[in-house]
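Computed from a predicted model, the values in this text were never measured in an experiment.
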Amino acid sequence: MVKKLELPKMRGVEDLLSMDVESPTATVNIDKIRLPAQQPRRYFDPEKLSQLVQSVKEHGILQPLLVRAVNGEFELVAGERRLRAAKAAGLTEVPIISKELSDHQTLQIALLENLQREDLNPIEETEGILELLCIELDVNSGEVISILNQVANAKRRNLELTENVSRQLEIVESVLQGVGRFTAESFRTSRLPLLNLPDDVLESLRQGQLEYTKARAVAKVKDEGERRGLLDKVINENLSLSEIKQLVKELTPGKPTVKETLNAKYSEIGKRLKNAQVWEDAKKTKKLEKLLGDLEQLLE
């Protein structure tokens, strides 16, 4: 009988595997393992996956896949890269460790494993952490963002947090400490803005086609057609960040200087004065003379 797990403060998949729980390693037919219906978005670098396939051909699967029993089959919890590599290498059986896990725990572990990947890109990282926070706080992503903004606003105004928000902040900081990369504020300011990037730029980031610093530069082009063309050029020609910024500058209309703005206003006012009815009104004429006098004095 497999004992049921409680994972309130689990910091990673390896922590789970090291717990003192009955979890014998077994070998099962690879066709009996299926992917879960709900799992984190994943992009696997083809080159690194190819290297893993070669390793599996030479040495086999060195670390068992973590699964749970569902309807006479096994649902994968952690180890998708190894499973993919095993299939590509032609293995018919793989080692597993089966544990009794709830849907909540299964998704939590899958997210943590995804966040521990070496080839994780910033978008996957941001979305994974956000989803992990949703699970721990039992709220949706919009509410997580709202909590982080409430904390930031309170700090900016030197206000005390409500008891509920203070408790939620403790949970957020605990999760982020487990991930080991951010504080609540650094996650809010450096990662959440990435989710507001245009869809085409976001998708390229998810697929590991460009770095996020380059993605943020490309996103400054607001015209969708021009941005799509620039994005393709950046990816196909592997342009440097400085080259991208130069192209963005050429595509983005420059903001007029103060001098250009005032000159344009002066020209417009001059044209309107010629056809205005100001000269027929003595009070307006006198006021205009005073304004022109002030202008002349300013110029001198």
*What is the distance from atom CD of E173 to atom CD of E185, rounded to the nearest 0.5 Å?*
10.0 Å
_Test applied, side chain to side chain contact (heavy atoms under 4.5 Å, CB included); reference residue, K233; option that passes from L247, V218, N238_ = L247
*Please walk me through it: do L137 and V144 pass side-chain contact (heavy atoms from CB on, under 4.5 Å)?*
CA-CA 8 Å; L137 293 168; V144 172; 4.1 Å; yes
*Please round to the nearest 0.5 Å and tell me the distance separating atom CG of L65 and atom CZ of R81.*
12.5 Å
_Less than 4.0 angstrom from a charged side-chain N to a carboxylate O is my criterion; do D223 and R227 meet it?_
no
_As a test of understanding, state which of V221, V201, I235 forms a side chain to side chain contact (heavy atoms under 4.5 Å, CB included) with L230._
V221
_L194 versus P122, closest heavy-atom pair with distance_ = CD1-CB, 3.8 Å
*Does a side-chain heavy-atom distance below 4.5 Å link I147 with L169?*
no
_Min side-chain heavy-atom separation L197-Y212 under 4.5 Å_ = no
*Kindly say whether S186 contributes a backbone atom to a donor-acceptor pair with the side chain of S190 at under 3.5 angstrom?*
yes
_For a 4.5 angstrom cut-off between non-hydrogen side-chain atoms, does L111 reach I129?_
no
*Following the transitive rule for hydrophobic clusters with a side-chain heavy-atom cut-off under 4.5 Å over Ile, Leu, Val, Met, Phe, Trp and Tyr, establish whether V53 and L76 coincide in one cluster.*
no
*Indicate yes or no for a side-chain donor-acceptor contact from Q246 to the backbone of E243 under 3.5 Å, with no hydrogens or angles considered.*
no
*Count the heavy atoms of every other residue, nucleotide or ligand shown that sit under 6.0 Å from CG of D138, and state whether that count exceeds 12.*
no
_Tell me whether the count of non-hydrogen atoms from other residues, nucleotides or ligands lying under 6.0 Å of CG in D199 goes above 12._
no
_Any donor-acceptor pair under 3.5 Å from T106 side chain to S102 backbone_ = yes
*Could you tell me whether the side chain of V77 reaches within less than 4.5 Å of the side chain of K99, counting heavy atoms only?*
no
_Basic-acidic side-chain contact under 4.0 Å: R206, E127_ = yes
*asked:* Checking S55 against Q51 for the side-chain hydrogen bond (donor to acceptor under 3.5 Å, both in side chains) test, could you report, in this order, the C-alpha distance in whole Å, the side-chain angles of both residues, the deciding distance, and whether it holds?
replied: CA-CA 6 Å; S55 174; Q51 293 172 357; over 6 Å; no
_With heavy-atom distances below 4.5 Å as the criterion, would you say the side chains of I135 and L107 are in contact?_
yes
*Hey, is CD on E58 packed in by over 12 heavy atoms from elsewhere, all under 6.0 Å?*
yes
*Indicate if L35 and L52 have the same hydrophobic cluster label, given that clusters are the connected sets of ILVMFWY residues with side-chain heavy-atom separations under 4.5 angstrom.*
yes
*Is L231 close to S204 at the side-chain level, that is, under 4.5 Å between some pair of heavy atoms?*
yes
*Decide if atom CZ of R228 counts as having more than 12 heavy atoms of other residues, nucleotides or ligands within a radius under 6.0 Å.*
yes
*To the nearest 0.5 Å, how far apart are CD in Q168 and CG in L148?*
10.0 Å
*Any idea which heavy atoms bring F74 and S98 closest together, and the distance?*
CE2-OG, 4.0 Å
*Can you establish whether the number of heavy atoms outside N196 located under 6.0 Å from its atom CG is more than 12?*
yes
*Roughly how far apart are I145 CD1 and L130 CG, rounded to 0.5 Å?*
5.5 Å
*asked:* I'd like to know if R82 and E113 make a salt bridge, using a cut-off of under 4.0 Å between side-chain N and carboxylate O.
replied: yes
_Heavy-atom pair of closest approach, residues F187 and T126_ = CZ-O, 3.8 Å
*Taking all atoms of both residues into account, what is the closest heavy-atom pair of A217 and V248, and its distance?*
O-CG2, 3.4 Å
*Is a side-chain donor-acceptor pair under 3.5 Å present for Q108 with E136?*
yes
*With E289, which of L292, L291, T285 fulfils side chain to side chain contact (heavy atoms under 4.5 Å, CB included)?*
T285
*Between R167 and E170, is the closest basic N to carboxylate O distance under 4.0 Å?*
no
*Verdict with reasoning, E80 to R84, per salt bridge (charged side-chain N to carboxylate O under 4.0 Å, His left out)*: CA-CA 6 Å; E80 186 176 349; R84 287 173 177 260; 3.0 Å; yes
_Nearest-0.5 Å distance that lies between atom CG in N29 and atom CG in L91_ = 11.0 Å
_One thing to verify: whether R68 and E75 come together as a salt bridge, which I'm taking to mean a side-chain N less than 4.0 angstrom from a carboxylate O._
yes
*Which pair of non-hydrogen atoms, one from R34 and one from V70, has the smallest distance, and what is that distance?*
NH2-CG1, 3.0 Å
*Is the shortest distance from a Lys or Arg side-chain nitrogen in E211 or K214 to a carboxylate oxygen in the other one below 4.0 Å?*
yes
*Cluster link L241 to L205, ILVMFWY, side chain under 4.5 Å*: no
_Salt bridge flag under 4.0 Å for residues E125 and R191_ = yes
*asked:* I want to check something: taking the side chain as every heavy atom from C-beta on, are V172 and V151 in contact at a cut-off of under 4.5 Å?
replied: no
*asked:* Within the 3.5 Å criterion, strictly below it, is a donor on Q177 or S174 matched to an acceptor on the partner's side chain?
replied: no
_Atom pair CG (N149) and CZ (R156), whose distance is rounded to the nearest 0.5 Å_ = 8.5 Å
*Please walk me through it: do I97 and V67 pass side-chain contact (heavy atoms from CB on, under 4.5 Å)?*
CA-CA 6 Å; I97 290 179; V67 301; over 6 Å; no
*Are any non-hydrogen side-chain atoms of I61 and V56 less than 4.5 angstrom apart?*
yes
*What's the shortest heavy-atom distance between K32 and G72, and which atoms?*
NZ-O, 4.4 Å
*Derivation of the side-chain contact (heavy atoms from CB on, under 4.5 Å) call for L66 and I96*: CA-CA 6 Å; L66 180 61; I96 64 164; over 6 Å; no
*Does atom CD of E250 have more than 12 heavy-atom neighbours, drawn from other residues, nucleotides or ligands, at distances under 6.0 Å?*
yes
*asked:* With a 4.5 Å cut-off on side-chain heavy-atom distances among I, L, V, M, F, W and Y, is there a chain of contacts connecting V179 to I171?
replied: yes
